[in-house]
Structures are given as structure tokens and as C-alpha cells.
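Before any comments, here is the structure.
Residue indices begin at 1 and follow the sequence shown. Source: prediction; values computed, not measured.
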Amino acid sequence: MKTGFIYTDAYFDYDYGPTHPLKIIRLKLTYELIRAYGLLSLPSVQFIITRRAEEEDLVTFHSKEYLTHLRQANEDDVMGNAYAFGLGPGDNPVFPGLYNWSLLVTGATLQAVDFVASGEGEIAFNIAGGLHHAMASRASGFCYVNDPVIGIKKLLNEGMRVAYIDLDAHHGDGVQAAFYRTSRVLTLSLHESGDSLFPGSGFEYEIGEGEGEGYSVNIPFHPYTDDDTYVWAFEEIVPEFIHAFQPDIVVSQLGVDTFHNDPLTNLHLSIHGYEKVIRRIKEIAPRWVALGGGGYDVSNVARAWTLVWAVMNGVELSNVLPETYVKKAAQLGFYEKELRGDVRPFSPHVRKDVRIEAERVVSYLKKTVLPKLKER
Ligand code: ZN
């Protein structure tokens with residue numbers, strides 16, 4: 001079995017700005033940790049250097065008018081009504097090379113798609129991808145170009161049925177919106193409830209429309225949801241929906257902003273719960289295109305995605321981080337020594353609340369949404 005890892009150091013030509021929470025350095029740190037564990041020199045691994053997508057790849061989802069704005073923003077300049085397209089100070093800043101950055105990220109996703117769809121390999125991982133909030137004509141939530149949507153559209157063009165699993169703490173709203181009225185893509189998003197977190201959507205009753213009814217699945221969690229409840233809900237819903245849908249391929253967004261110490265969100269997962277879910281996705285995916293996503297504690301990102309890559313390649317890692325990596329990371333200001341930290345203990349009464357809410361959502365999805373998927 002072959003696995004493909006798509007990467008380039010050229011990501012570091014770009015920067016969202018000193019105060020922006022999305023730090024591109026997390027990709028470099030992930031790559032360095034994966035390399036230090038020897039996981040890029042396995043015989044099964046194909047290392048693929050990222051190349052940019054073409055504008056014609058982007059028009060399968062994004063409007064030409066919006067792309068004109070992105071090209072302009074690439075020169076660190078904006079046109080008069082850029083704000084109407086989501087561009088400007090705040091979440092989606094204009095910075096030099098913004099469009100080229102988006103073409104690189106999307107190019108890597110298309111390379112991952114090609115690697116798996118062509119049969120060259122069964123699994124591919126683009127750690128830079130997973131920018132799931134971008135809409136057809138609007139930047140949103142640090143995302144300018146929606147690489148998951150563009151990758152999935154390419155797979156649809158090749159006649160495949162695609163299941164999309166989104167683990168990011170934020171609802172995968174851009175991907176849901178793109179496929180809300182089709183039965184060819186099943187989208188499953190597990191996230192913190194829109195009541196407490198951006199983008200304010202992803203409630204269980206958002207189930208798709210028309211042909212797509214039953215093909216959008218949302219599992220919103222209350223703040224402070226921990227490993228036990230999260231993994232339980234995943235097990236109750238995801239394998240059964242995937243089995244009912246019978247995809248040719250699974251595309252996943254593997255955001256790690258669900259962790260208890262992430263600065264932007266309120267879920268309380270640990271790397272242990274995350275690992276369980278990753279192992280399960282590997283079991284249920286016939287083929288697998290994996291994308292990165294959120295994650296605003298840089299050390300979490302490097303350790304979690306290294307663990308993902310190890311699981312993909314069937315390798316068990318020592319919990320002690322390699323010395324070469326520890327030194328390199330320290331130079332950049334990160335001082336982690338272990339791959340997996342401790343599980344964070346949590347207050348029993350909050351745990352009971354989040355469990356009751358998750359049970360309600362799971363029961364709704366099984367009784368109301370699964371039958372709609374099965375009857376088609
Ligand atoms: Zn996120």
C-alpha cells in the first residue's frame with residue numbers, strides 16, 4: 001500500500017500577519033517532526049512536492065468576480081468593495097501573495113486527489129489543506145479558496161461517490177453549502193455548537209435539501225465536550241452513515257482545534273480521543289484523501305498530524321519526541337517533549353450535561369436523518 005505526503009517549504013513565503021492566529025510555521029513544525037521520526041523514508045511513502053493549482057481549477061466552485069478580487073489582493077492591494085467579498089482587516093486579511101498561497105494549498109489538495117483517484121496510492125495527506133469555510137464568492141474564517149470543495153468536485157467529475165468527514169472544531173459550512181442539494185456527496189461534520197462558536201451553523205436539523213436531503217449530517221457538541229462523549233458520538237453515527245452511503249473515497253478535514261488547550265475554541269478533546277477517531281476513519285475509508293485544518297496551538301498541530309501520518313502508514317511511534325526535533329522546535333520557541341500528553345480530567349457535572357446533549361443529537365440523527373439516506 002502506498003501513501004502520499006504533499007508538502008513544500010514554499011508555504012513560508014506567506015504570512016497572515018503577526019497577530020493572526022493561523023501560523024503557517026505549524027506546517028513546517030509538522031513536517032520536521034514527521035521527518036525526525038523517519039516517517040518520510042518508509043518504503044511505502046511517496047513524497048510529493050506541492051505545485052500550484054491553476055485558476056481554471058478554482059472556477060469549478062468560485063465566482064470569477066471573487067477570483068478577480070483575490071488576484072488584486074495578491075499584490076497587497078484591494079478593490080473598492082473587497083469587504084463585500086470577506087477581504088480586509090480581521091479574519092481574512094489581505095497580505096502579499098495571498099492568491100499564490102491559496103493556489104499552493106489547493107494545488108496540494110488536487111495532487112492528493114490525483115494520487116489516490118489514479119490508484120497510485122490509497123491514502124494521501126495534505127497538511128496545508130482543509131480550508132473549509134471559503135464560500136463561492138466570499139472569504140471566511142481564515143479561508144480564501146475552498147480546497148476541500150475543489151478536490152471533491154474533481155472526484156465527482158471522475159464518477160466517484162464521496163463522503164466528507166470534518167473533525168474541525170468549527171462547522172464545515174463552506175463544504176456543506178457546496179453540496180447541500182446533491183446526493184453524490186455525504187458531508188459529516190463534528191464540531192462545537194454554532195450557539196457558542198463561529199460560524200454559527202451546523203445544527204443537527206441542517207440535513208440537506210431536495211436531492212440532498214439526508215446527505216448533510218451535523219453533530220454539534222456543547223462546550224467542554226471531552227474524549228468520551230466525542231468518540232462515543234462518532235462511533236454511533238459516522239460508521240453507520242458511511243456504510244449506508246457506500247462511498248468510493250473518503251475526504252477528511254482533520255482540524256485539531258478541538259483540543260482542550262486550543263486558544264480559539266471550547267471543546268475538551270485530548271490527542272487520545274483524536275487518535276481513536278483517526279484509527280476508525282482508516283478502518284472505514286475505502287480510499288482516503290486527508291486534509292489539515294484548524295489548530296491554533298502550534299505544538300498540538302505538529303504532534304497530532306504526525307500521529308495521523310504514523311497511523312496512515314501503520315507505524316507505532318515512541319512517545320518520546322526525537323531529540324533532533326526537540327532541538328529544532330526549541331529554537332522556534334516550542335518545548336514539547338512527548339508525543340501524547342495526559343488526558344485532561346474534567347468536572348463530572350459538566351460531563352453529564354454535554355453527554356445528555358450529545359445523546360439527544362445522536363438519537364435525532366438516527367431516527368430522522370439515517371432513514372432518509374437509506375430510502376434512496
Ligand atoms: Zn477550526
Side-chain angles (χ1 to χ4, degrees), residues 3-42 45-53 93 95-109 111-112 124-131 142-145 147 168 253-257 259 261-264 271 274 290-313 315 317 320-339 341:
T3 54
F5 188 83
I6 301 96
Y7 180 80
T8 174
D9 269 344
Y11 296 141
F12 307 99
D13 296 346
Y14 310 103
D15 189 351
Y16 279 67
T19 58
H20 197 283
L22 196 131
K23 307 288 184 206
I24 294 177
I25 187 76
R26 70 205 187 113
L27 303 176
K28 172 77 171 166
L29 219 57
T30 305
Y31 165 76
E32 291 295 349
L33 184 53
I34 284 175
R35 203 164 63 137
Y37 268 119
L39 296 174
L40 291 179
S41 44
L42 301 168
V45 169
Q46 184 154 341
F47 183 81
I48 302 164
I49 296 172
T50 306
R51 56 167 197 270
R52 280 187 202 169
F95 59 84
L98 172 163
Y99 190 50
N100 293 345
W101 155 253
S102 302
L103 291 174
L104 262 186
V105 170
T106 308
T109 292
Q111 286 170 287
F125 193 10
N126 168 24
I127 58 173
L131 302 182
F142 318 160
C143 308
Y144 303 92
V145 169
D147 63 284
D168 198 279
Q253 200 270 21
L254 304 181
V256 293
D257 44 6
F259 287 20
N261 59 343
D262 191 276
L264 296 194
I271 197 166
Y274 183 75
L291 310 172
Y296 306 98
D297 177 288
V298 170
S299 173
N300 279 351
V301 174
R303 290 177 298 119
W305 289 349
T306 296
L307 189 54
V308 168
W309 183 239
V311 168
M312 286 171 170
N313 288 285
V315 175
L317 295 179
V320 181
L321 297 179
E323 196 54 36
T324 49
Y325 170 80
V326 171
K327 277 188 190 148
K328 236 175 223 167
Q331 284 164 7
L332 297 166
F334 304 103
Y335 300 99
E336 220 68 51
K337 293 233 159 88
E338 291 188 340
L339 181 66

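- The distance from atom OG1 of T109 to atom CG of L291, rounded to the nearest 0.5 Å, is 4.5 Å.
- Y16 and P93 get closest at one heavy-atom pair: O-CG, 3.5 Å.
- Contacts of F142 classified as ring-ring contact (aromatic ring centres under 6.0 Å, His included), with partners at least two apart in sequence or in another chain: H20, Y296.
- Shown here for W101 and L27, the closest heavy-atom pair between the two residues is CH2-CD1, 4.0 Å.
- Judged as a side-chain hydrogen bond (donor to acceptor under 3.5 Å, both in side chains), and not counting sequence neighbours, the contacts of S299 are R303, E336.
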Margin query: As a quick check of understanding, evaluate side-chain contact (heavy atoms from CB on, under 4.5 Å) for F95 and L98, giving each step before the final call.
Written below: CA-CA 6 Å; F95 59 84; L98 172 163; 4.1 Å; yes
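- With sequence neighbours excluded, the residues forming a side-chain hydrogen bond (donor to acceptor under 3.5 Å, both in side chains) with W305 are Y274, listed by chain and number.
- Nearest heavy atom pair, residue T3 against residue M312, reads CG2-O, 4.0 Å.
- Scanning for side-chain hydrogen bond (donor to acceptor under 3.5 Å, both in side chains) contacts around Y11 gives T50, with sequence neighbours left out.
- Residues forming a side-chain hydrogen bond (donor to acceptor under 3.5 Å, both in side chains) with T106 (at least two apart in sequence, or on another chain): none.
- A pairwise comparison of heavy atoms in T30 and T306 identifies O-OG1, 3.8 Å as the closest pair.
- F5 CZ to N126 CG: the interatomic distance, rounded to the nearest 0.5 Å, is 8.5 Å.
- With a 4.5 Å cut-off on side-chain heavy atoms, W309 and I127 do not count as touching.
- Side-chain contact between L29 and V301: absent, with no pair of heavy atoms (C-beta onward) separated by less than 4.5 Å.
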Show which side-chain atoms of residues 320-335 pair as donor or acceptor with protein atoms under 3.5 Å away, not counting sequence neighbours.
from : atom 1 : to  : atom 2 : distance (Å)
K328 : NZ     : E32 : OE1    : 3.2

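- Between L131 and V145, every side-chain heavy-atom pair lies at or beyond the 4.5 Å cut-off.
- Sorted by first and then second residue, the salt bridge (charged side-chain N to carboxylate O under 4.0 Å, His left out) pairs involving residues 3-13 (not counting sequence neighbours) are D9-K28.
- Qualifying side chain to side chain contact (heavy atoms under 4.5 Å, CB included) partners for A112, counting only residues two or more places apart in sequence or in other chains: I6, A124, V289.
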Next item on the list: Would you sort out whether V315 and L39 count as a side-chain contact (heavy atoms from CB on, under 4.5 Å), showing the intermediate values?
Entry: CA-CA 8 Å; V315 175; L39 296 174; 3.9 Å; yes
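- With hydrogens and angles left out, the side-chain atoms of N300 and D262 include no donor and acceptor closer than 3.5 Å.
- Of the inter-residue distances, the one linking D257 atom CG with D168 atom CG reads 4.0 Å to the nearest 0.5 angstrom.
- Atom CD1 of I48 and atom CZ of F125 lie 13.5 Å apart (nearest 0.5 Å).
- For V311, the side chain to side chain contact (heavy atoms under 4.5 Å, CB included) test picks out I278, R279, K282, with sequence neighbours left out.
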Next item on the list: Applying side-chain contact (heavy atoms from CB on, under 4.5 Å), run through D15 and I24 and close with a yes or a no.
Entry: CA-CA 7 Å; D15 189 351; I24 294 177; 5.7 Å; no
Note to self: Evaluate F259 against D297 for side-chain contact (heavy atoms from CB on, under 4.5 Å), listing each step before the verdict.
What the structure shows: CA-CA 9 Å; F259 287 20; D297 177 288; over 6 Å; no
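- Between the side chain of D147 and the backbone N or O of V105, no donor-acceptor pair lies under 3.5 Å.
- Under the 3.5 Å distance criterion, the side-chain polar atoms of Q253 are matched with a main-chain donor or acceptor of G255.
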